[in-house]
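The figures here come from the full heavy-atom set of this structure, side chains too, leaving out hydrogens, waters and symmetry mates. Count residues from 1 along the sequence.
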Amino acid sequence: MKKFVYLLSLVLVTFTSCSLDEASRPPQIVFVPIESVVVPEEFVFGETHEISMTYTKPSSCYVFNRIFFEPEGQERTVAVINSVYDNADCTAEPEETTVSFDFTVLSEEPYIFKFYQGIDDTGADSYHIIEIPVVTED
């Protein structure tokens with residue numbers, strides 16, 4: 001009886017287990033170059049400001065995942081992350097996309113933002129660097 005239960009279990013597991021075909025592969029996570037940004041000319045201390053970034057999705061297989069944001073002192077490194085799905089139904093038409101985030105100013109010192117723009121000819125990360133001064137309202 002134990003052998004029968006074991007064989008039945010083995011057959012059931014074999015026929016109902018997940019396949020590892022293309023549809024079940026996890027998406028690839030990629031950094032997408034930021035083409036343009038909209039930032040204020042200056043920050044007001046204590047206020048929250050919206051920062052917008054525009055990038056191009058190479059195909060419909062690219063789906064916005066999140067914004068990478070790494071603070072270090074007064075410097076902020078920012079990048080857009082997309083999930084890329086391996087799907088034959090994707091259209092290869094590039095699509096311009098804009099995403100944004102809110103930034104709260106907690107220091108009176110200027111902030112330096114480094115927006116990821118891809119990899120240059122030498123293989124190094126390339127950034128668009130913007131310094132934004134901070135003012136206080138009286």
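- Considering OG1 of Thr98 and CD of Glu35, their distance stands at 9.5 Å, rounded to 0.5 Å.
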Inset, instruction - Test Thr54 against Thr97 for side-chain contact (heavy atoms from CB on, under 4.5 Å), laying out the working first. - result: CA-CA 6 Å; Thr54 301; Thr97 304; over 6 Å; no
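- Aromatic ring pairs are classed by plane angle as parallel below 30°, tilted from 30° to 60° and perpendicular above 60°; the pair Tyr111 and Phe103 is perpendicular.
- When atom types are taken as modelled, the side chain of His128 and the backbone of Phe113 share no donor-acceptor pair closer than 3.5 angstrom.
- Note that the OG atom of Ser59 and the CG atom of Asn87 stand 9.5 Å from one another [nearest 0.5 Å].
- Annotation: side chain of Tyr55 is not in contact with side chain of Phe115 (no heavy-atom distance under 4.5 Å).
- For the pair Ser60 (side chain) and Thr91 (backbone), a donor-acceptor distance under 3.5 Å is present.
- Not a single donor-acceptor pair under 3.5 Å links the side chain of Glu108 to the backbone N or O of Val134.
- Side-chain contact between Val80 and Tyr116 is absent, with no heavy atoms from C-beta onward closer than 4.5 Å.
- A distance of 13.0 Å separates CD in Glu95 from OH in Tyr62, rounded to the nearest 0.5 Å.
- By the rule that hydrophobic residues join a cluster once side-chain heavy atoms approach within less than 4.5 Å of another member, Tyr127 and Val99 end up as members of separate clusters.
- At a threshold of 4.5 Å between side-chain heavy atoms, the hydrophobic network of Ile, Leu, Val, Met, Phe, Trp and Tyr places Val78 and Val39 in one connected group.
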Legend entry - From CA spacing to verdict: side-chain contact (heavy atoms from CB on, under 4.5 Å), Glu47, Val105: CA-CA 6 Å; Glu47 291 189 6; Val105 181; 5.9 Å; no
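- Taking the six-membered ring where the residue is Trp, the centroids of Phe101 and Phe69 are separated by under 6.0 Å.
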Inset, instruction - Could you check Ser126 against Gln117 for side chain to side chain donor-acceptor pair (under 3.5 Å), going step by step and ending with a plain yes or no? - result: CA-CA 5 Å; Ser126 177; Gln117 291 195 303; 4.5 Å; no
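- A perpendicular orientation is assigned to the rings of Phe68 and Phe31, their planes being inclined by more than 60° (bins at 30° and 60°).
- Cluster membership check: Ile34 shares its hydrophobic cluster with Val32, using side-chain heavy-atom separations under 4.5 Å among Ile, Leu, Val, Met, Phe, Trp and Tyr.
- Rounded to the nearest 0.5 angstrom, Thr136 OG1 and Phe43 CZ are separated by 15.0 Å.
- Taken from CD in Glu131 to CD in Gln74, the straight-line distance is 10.0 Å, to the nearest 0.5 Å.
- Ile67 and Ile130 fall within the same hydrophobic cluster, where Ile, Leu, Val, Met, Phe, Trp and Tyr residues are linked whenever their side-chain heavy atoms come under 4.5 Å apart, directly or through other members.
- Taking the side chain as every heavy atom from C-beta outward, Val37 and Met53 approach each other to under 4.5 Å.
- Closest heavy-atom contact between Glu50 and Pro40: O-CD, 4.2 Å.
- Counting only distance, with no hydrogens or angles, the side chain of Thr56 and the backbone of Pro58 share no donor-acceptor pair below 3.5 Å.
- With Asn82 contributing its side chain and Val84 its backbone, the two residues share no donor-acceptor pair below 3.5 Å.
- In the hydrophobic cluster analysis, where Ile, Leu, Val, Met, Phe, Trp and Tyr join through side-chain heavy atoms closer than 4.5 angstrom, Ile51 is grouped apart from Val44.
- Salt bridge Lys114/Glu75: present, at least one basic N to carboxylate O contact under 4.0 Å.
- Closest heavy-atom contact between Arg76 and Gly73: NH1-O, 2.5 Å.
- Between the side chains of Asp102 and Thr48, no donor-acceptor pair of N or O atoms lies under 3.5 Å.
- Residue Cys90 holds its SG atom at 11.0 Å from NZ of Lys57, rounded to the nearest 0.5 Å.
- Glu41 and Pro133 get closest at one heavy-atom pair: O-CD, 3.4 Å.
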